[in-house]
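To find a chain, count down the sequence lines: A is the first, B the second, and so on, and within it residues start at 1. Everything numeric here is computed off the predicted structure, so don't read it as measured data.
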Number of protein chains: 2
Amino acid sequence: MDISKYKSQERLLLAVDCIIFGFGGKQMKALLIKRGFQPEKGKWSLMGGFVNKNENVDAAAARILRQLTGLKDIYMEQLHCFGDTKRDSAGRVVSIAYFALINIAEYNEQLTSDHEARWFPLDKIPTLIFDHKQMVQKAKERLQQKVANHPIGFELLPVKFTLPQLQSLYEGIYESPLDKRNFTRKILSLNILKKLAEKEKESSRKGAFYYVFDRDKYGKLNHDGIKFL
Amino acid sequence: MDISKYKSQERLLLAVDCIIFGFGGKQMKALLIKRGFQPEKGKWSLMGGFVNKNENVDAAAARILRQLTGLKDIYMEQLHCFGDTKRDSAGRVVSIAYFALINIAEYNEQLTSDHEARWFPLDKIPTLIFDHKQMVQKAKERLQQKVANHPIGFELLPVKFTLPQLQSLYEGIYESPLDKRNFTRKILSLNILKKLAEKEKESSRKGAFYYVFDRDKYGKLNHDGIKFL
DNA sequence: CCAAAAGTGTTTCTATTACACCCATGT
DNA sequence: ACATGGGTGTAATAGAAACACTTTTGG
C-alpha cells in the first residue's frame with residue numbers, strides 16, 4: 001500500500017488538558033496543580049500530559065486524570081482542541097481539552113498534597129500557564145449549556161443528596177439564584193428522582209429528605225426534549 | 001530552559017476533516033470528494049488534509065477548505081477531535097473535524113469536477129472511509145443545536161432570501177415540517193431581518209418578498225436568550 | 001420560645017401550538 | 001378562470017415566573 005503521502009507529513013506533539021470541576025457546597029471549583037516540569041514549572045496549571053502513539057485520545061485523558069487524582073470511572077467529556085502554534089512556549093503542542101465532573105467529597109486529599117493540587121472557586125482562578133484560562137472559561141460555558149439538558153449535575157454530588165443541595169448546585173453552576181418552589185416543582189416533575197425515607201440533618205434542624213437519581217427511570221425517557229432548567 | 005519532558009514524547013500526525021454543508025432548496029447536503037491518495041484512494045471521503053507544524057489548526061482547516069473548494073471567508077467551526085488509534089487504516093492519525101456552511105449557489109462548479117466532488121443529500125450519504133460517517137452524523141447534530149440559538153442559518157442562503165426559503169432551510173435542517181404562520185411570526189419578532197421592496201418571482205406567480213439578515217441589529221441584542229426556534 | 005432551614009400552591013404572564021382563508025399573478 | 005404558492009390572525013394550551021407563609025426541631 002502506497003502511503004507516501006503520510007510519510008512526508010510533519011508530526012507533532014499532542015497533549016490533553018483536563019478541567020476538573022467539583023462542587024463546594026456554594027460554588028463550583030476547579031482543581032489545579034503546580035506544574036512539575038519546565039517550562040513554567042511551579043506555576044498553576046490544568047492537569048495535563050501527552051498522548052502516546054498507541055493510545056486513544058479519550059484514553060489518554062482518562063489516564064491523566066487517574067494518574068493525578070487516583071480517580072477512575074469519572075464523567076469526562078471532550079471540550080475542544082486548542083491548536084494555535086504559539087500556545088505552548090516550549091514548542092508546538094496541540095492540546096485536546098477535556099472536562100471532568102467529580103464529587104469533591106470522594107476526592108482523596110492525600111493525592112491533592114502529593115501533586116500540590118488545590119481547588120479554586122471559579123471566580124478566584126489564579127493566573128494559569130499558556131491558554132489554560134481560556135480552557136477553563138470554555139469549560140464553564142459548556143457545563144452551563146450541558147447541564148440544562150443532561151443529567152450530569154448528579155456527578156458532582158454524593159449518591160444521596162437533598163433538594164436544597166441540588167438547587168445550590170445549579171445556582172453555583174449558573175451563578176444566579178433560583179426560586180425554591182419553582183425549582184423543586186420542576187425537578188420533581190421530571191420523575192427521575194427517588195425520595196428516601198432518610199433525612200440529612202447536618203445543615204438544618206428540621207432536616208431535608210435525601211433523594212437519589214434514578215438512572216433506570218431516566219434511561220426509559222425520551223432524552224430529546226428533556227429540560228432540567 | 002529544560003524541556004526534556006517534551007523531547008522524549010512521541011509525535012504523531014494531525015489531520016483536519018471538513019464537513020461542508022450546503023442547502024439544496026429542500027434538504028441539506030454535504031460535499032464529498034473521491035479521495036485522491038492511498039489508502040482508500042477513489043472512495044468517498046470528507047475533505048481533509050494534514051496540519052503543518054507551523055500552522056494553527058484553525059488555519060489548516062481554512063486552508064484545506066480553500067484548496068479544495070476555492071472558497072474563503074467561510075463560516076467554519078470546530079466540531080470534535082477524533083482520536084482513536086485505529087481510525088485511519090494507514091497509521092496513527094488524529095483528526096480534528098470542522099464543519100463549514102456555504103451557500104451552495106456560490107460554489108464554483110468547476111472546482112467540483114476538479115476534485116471529483118459531489119453534493120449528497122444527508123439521507124443519501126454513500127459509504128465513507130474511516131470514521132467519516134460518524135463525523136457527518138455528529139456535525140448534523142451540532143448544526144441542529146447551533147442553529148436554534150445562533151444566526152448561522154443565513155450562511156447557507158444567498159444574501160437576499162425569502163421567508164419561504166428560510167423556512168425550508170430550517171425544515172431541511174430539522175427534517176421536519178414547520179407551520180408557516182408560526183414560523184414567520186417568530187422569525188420576524190426577532191427583529192433581525194430587513195424586508196426589501198423587491199420580490200423573488202422564480203418560484204411562484206405572486207412572488208415572495210426578499211429579506212436580508214441585519215447583522216447590525218443582531219449585534220446590538222443580548223445574544224444569550226435569543227431563540228430562532 | 002426562637003432561630004434557621006425545609007416544605008408547599010396559586011396566580012400571572014409569556015410562549016407555543018393548532019388551525020383556514022384570501023391574495024396576487026402568469027398562463 | 002384557475003392553479004400555484006404567498007401572506008395573514010385568533011383562540012387554546014402549556015410552561016415559566018413571581019410571590020409568602022407554615023413546619024420542624026435543636027438549642
*Tell me: CZ of B:Phe209 to C1' of D:dT8, nearest whole Å?*
13 Å
*Measure the acute angle between the ring planes of B:Phe213 and B:Phe154, then classify it against the limits of 30° and 60° as parallel, tilted or perpendicular.*
parallel
*Measure from CG on B:Leu188 to P on D:dG9 and round the result to the nearest Å.*
12 Å
*Using a cut-off of 4.0 Å between protein heavy atoms and nucleotide atoms, how would you tag nucleotides 19-27 of chain D 5' to 3' with B, S and -?*
BB--BBBB-
*Classify the ring geometry between A:Tyr218 and A:His223 as parallel (under 30°), tilted (30 to 60°) or perpendicular (over 60°).*
parallel
*Establish, for the pair B:Lys195 and B:Tyr211, whether the NZ or CZ atom is under 6.0 angstrom from the six-membered ring centre and no further than 45 degrees off its axis.*
no
*Would you kindly give the CD-to-P distance between B:Gln167 and D:dG7, to the nearest whole Å?*
11 Å
*For B:Leu166 and D:dG5, give me the distance from atom CG to atom C1', rounded to whole Å.*
17 Å
*For A:Lys195 and C:dG7, what is the distance between atoms NZ and C1' respectively, to the nearest whole Å?*
9 Å
_From CD of A:Gln165 over to P of C:dA5, roughly how many Å is that when rounded to an integer?_
14 Å
_d(NZ, A:Lys227; P, C:dA15) in whole Å_ = 13 Å
*Across the strands shown, which category fits A:Ser203 at heavy-atom distances under 4.0 angstrom: base, sugar-phosphate, nothing?*
sugar-phosphate
*For A:Leu178 and D:dA18, what is the distance between atoms CG and C1' respectively, to the nearest whole Å?*
14 Å
*To the nearest 0.5 Å, tell me how far A:Leu68 CG sits from A:Arg63 CZ.*
9.5 Å
*Do B:Gln137 and B:Glu141 have a side chain donor and acceptor closer than 3.5 Å?*
yes
*Rounded to the nearest 0.5 Å, what separation is found between the CG atom of A:Leu156 and the NZ atom of A:Lys29?*
13.0 Å
